[in-house]
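Working notes for the structure below.
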Amino acid sequence: SAVISQKPSRDICQRGTSLTIQCQVDSQVTMMFWYRQQPGQSLTLIATANQGSEATYESGFVIDKFPISRPNLTFSTLTVSNMSPEDSSIYLCSLRRGPGNEQFFGPGTRLTVL
Amino acid sequence: QKEVEQDPGPLSVPEGAIVSLNCTYSNSAFQYFMWYRQYSRKGPELLMYTYSSGNKEDGRFTAQVDKSSKYISLFIRDSQPSDSATYLCAMKGSGGSNYKLTFGKGTLLTVNP
């Protein structure tokens, strides 16, 4: 298993503002992942964050909207920029660990944009 | 056709019932199959992780994979109210872009006391 914490656990934000979500893991990992879970939709990978290099974004997600930092091997941040109500979602931090590269998730950040 | 199809439910059963949750998929490159349980307002928790076809049992939970039919199942025996959650199937291949997890939309299960 893995111990993953996220801050904040939830927030309500105004349109046009930005929110930075923090993710802390219990031991060093090379890759950390950021997912979005919209109501009624599958978990969707936003980007993969590698320490010491630029994040790799999935189709439909861009760095200007979702800038990511990865300053060390146990910490990452995701910023949701210039928010609109469509960004209301749960954002999840994730890592892989174990012989089978099992994927573990943090508790999520529930974001509501008004 | 979506890569992974999962009936969203909701599914409501009495305590003690056997629950069957299912996913179908279209990508024959998928080799690793997972089931996650997600309680309300929590992150997904890995329940079962299987490779290739066959069955894997862990306590009251059995994961079944049929690669020839591209069909996976999770069975819960003697279901309990504490099993009430959303169950997500997920799968991935190996190598290249297939390492990424593809999820179903989840099935909401309620076990009534």
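A, B, ... follow the sequence lines: proteins, then strands. Residue 1 opens every chain.
In plain terms, the two heavy atoms of A:S42 and B:K105 that are nearest each other are OG-CG, 3.4 Å. Closest of all the heavy-atom pairs between B:Y36 and A:Q103 is OH-O, 2.6 Å. Pairing each heavy atom of A:N101 with each of B:K92, the nearest pair is O-NZ, 3.2 Å.
One hydrophobic cluster holds both B:V111 and B:W35 under the rule that ILVMFWY side chains link at heavy-atom gaps under 4.5 Å. In the hydrophobic cluster analysis, where Ile, Leu, Val, Met, Phe, Trp and Tyr join through side-chain heavy atoms closer than 4.5 angstrom, B:L88 is grouped apart from B:F75. A:F33 and A:F61 are members of different hydrophobic clusters when ILVMFWY side chains are connected at heavy-atom separations under 4.5 Å. Cluster annotation: B:L46 and B:Y51 are assigned to the same hydrophobic cluster (Ile/Leu/Val/Met/Phe/Trp/Tyr, side-chain heavy-atom contacts under 4.5 Å, transitive). Clustering ILVMFWY residues whenever any of their side-chain heavy atoms sit less than 4.5 angstrom apart, transitively, puts A:Y91 in the very cluster that holds A:I63.
Using a 4.5 Å cut-off between heavy atoms, B:L108 does not touch chain A at all. Interface residue A:Q37: only side-chain heavy atoms are found under 4.5 Å from chain B. For A:L92, the part lying near chain B is the side chain, with the backbone staying farther off; criterion is any non-hydrogen pair under 4.5 Å. Only the side chain of B:Q38 comes within less than 4.5 Å of a heavy atom of chain A; its backbone N, CA, C and O stay farther away. Interface remark: B:P8 contributes no atoms to any contact with chain A (heavy atom separation under 4.5 Å).
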- Item | CA sep, side-chain torsions, deciding dist, call: B:L101, A:L45, side chain to side chain contact (heavy atoms under 4.5 Å, CB included) | CA-CA 8 Å; B:L101 281 183; A:L45 180 63; over 6 Å; no
- Evaluate the side chain to side chain contact (heavy atoms under 4.5 Å, CB included) criterion for residues B:M34 and A:E102: first the C-alpha distance (whole Å), next the side-chain angles of each, then the deciding distance (0.1 Å), finally the verdict. CA-CA 9 Å; B:M34 287 131 275; A:E102 291 93 323; over 6 Å; no
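Atom CD of A:Q38 sits in a crowded spot, with more than 12 heavy atoms from other residues, nucleotides or ligands closer than 6.0 Å. Remark: B:K42 NZ is loosely packed, at most 12 non-hydrogen atoms of other residues, nucleotides or ligands lying under 6.0 Å away.
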